[in-house]
Amino acid sequence: MTLMKQLRIDDVGASTKAYNQYGRSRLTSIGFFKRLPPFQGWGPYAELDATAWRRWLTFFGSRGIRPLIAVTACWVDAASRLIPFPEKFPEAAAVLRAALSDGYITIANHGLTHCVVGRHLPLFWSGNRRWHREFWPELPATLHREHICRSQEILEGYFGQPITTFVPPGNIWSRKTAAAFEGTHLQRVVANRPMADAIELTPTIDFVDDRDIFVVLHDRDLHSVTPAWIETRLR
Ligand SMILES: [Zn+2]
């Protein structure tokens, strides 16, 4: 089988799956409706466990699919504490680390928190999707720098390899984010749009428009789609 597209899986380790809650409309974003199917627009849903990862990785390996897995370095809990991915989900992390070292996957940086910490909890009267983007241009440059550097330290420290690809949470990144790459191994951005505050591309960064070559899924989809569905999409 010839694969025309690459598979990307986002939001691994991100607490956005727990706290990013909105309904499919403004009305269904009020109160508890936003957590109920069919009104539910996003979270909450469960992190994939080690067993589920093993099953998916076996399938990917058998079909020659080498997914780009975008990991958020820390889970942000309800009290705004940051818990590194390998501490929060040690078994799933170990499965991914083994798959990486055997060459079956690529790991990308999907932010330190995926969210604006402190604004990430669900709201009663509305959805909170806006706050589940991490790298808004209006946030201070020091925050961009700290989040890029800390996430690289955590991911590279655990996975034992340079992380060169950045997948901006919610496709939001800016000049400050790009400037924060300096001195790190990050050199490629995969997203569906360029920087939020600049039209021109940064010459030192390889920007890949994911609509051209990727099928983009979230770990959320791996709870519901079938292997055959993914294979068809990639062909
Ligand atoms: Zn994401």
Side-chain angles (χ1 to χ4, degrees), residues 5-22 24 34 40-48 52-53 56 67-77 80 82-86 88-89 92-93 96 105-122 127-137 139 143-144 147-148 150-152 154-155 159 163-174 177-178 180-181 186 188-196 207-211 213-225 230 233:
K5 298 238 175 185
Q6 293 175 38
L7 178 63
R8 195 180 97 205
I9 301 162
D10 288 4
D11 287 9
V12 176
S15 60
T16 278
K17 62 175 60 65
Y19 301 124
N20 185 9
Q21 297 181 11
Y22 54 88
R24 289 175 181 270
K34 55 179 163 290
Q40 188 184 32
W42 199 251
Y45 64 91
E47 184 76 24
L48 281 184
W53 273 121
W56 278 113
L68 177 65
I69 299 186
V71 179
T72 299
C74 287
W75 180 274
V76 183
D77 74 6
S80 295
L82 273 56
I83 306 155
F85 175 59
K88 177 73 180 171
F89 301 108
L96 293 180
I105 61 173
T106 307
I107 296 285
N109 180 326
H110 196 44
L112 179 70
T113 62
H114 205 298
C115 64
V116 175
V117 177
R119 308 291 309 256
H120 61 293
L121 294 182
N128 60 345
R129 190 178 193 179
R130 173 184 169 76
W131 303 112
H132 283 275
R133 277 85 182 100
E134 181 175 348
F135 295 99
W136 289 109
L139 295 168
L143 182 144
H144 287 252
H147 282 221
I148 289 294
R150 272 186 76 193
S151 55
Q152 282 293 97
I154 290 167
L155 295 174
F159 287 108
I163 306 282
T164 57
T165 299
F166 178 66
V167 175
N171 293 292
I172 301 293
W173 60 301
S174 75
T177 326
F181 289 2
L186 292 175
R188 185 172 80 131
V189 174
V190 178
N192 70 10
R193 65 186 102 145
M195 287 177 270
F207 174 73
V208 178
D209 188 326
D210 62 20
R211 292 167 298 186
I213 55 166
F214 280 95
V215 169
V216 178
L217 299 183
H218 290 80
D219 54 358
R220 183 181 198 259
D221 302 307
L222 296 187
H223 287 302
S224 56
V225 301
I230 292 183
R233 297 278 310 276

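Please read these numbers as outputs of a predicted model, since none were measured by experiment. One-based numbering, in listed order, for ligands and for the atoms of each.
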- Should the pair F89 and W75 be assigned to parallel (<30°), tilted (30 to 60°) or perpendicular (>60°) ring geometry? perpendicular
- Item | Interatomic spacing from CG in D11 to NZ in K17 - rounded to 0.5 Å | 6.0 Å
- Show the numbers, then the answer: is there a side-chain contact (heavy atoms from CB on, under 4.5 Å) between V71 and N109? CA-CA 6 Å; V71 179; N109 180 326; over 6 Å; no
- Note on the structure: Between T16 and the options R129, H120, H132, the side chain to side chain donor-acceptor pair (under 3.5 Å) test singles out H132
- Hey, is there an N, O or S on D11 sitting under 2.8 Å from the Zn ion (ligand 1)? yes
- Item | Contact check: H114 to the Zn ion (ligand 1), N/O/S below 2.8 Å | yes
- Counting backbone and side-chain atoms alike, does H132 have an N/O/S atom under 2.8 Å from the Zn ion (ligand 1)? no
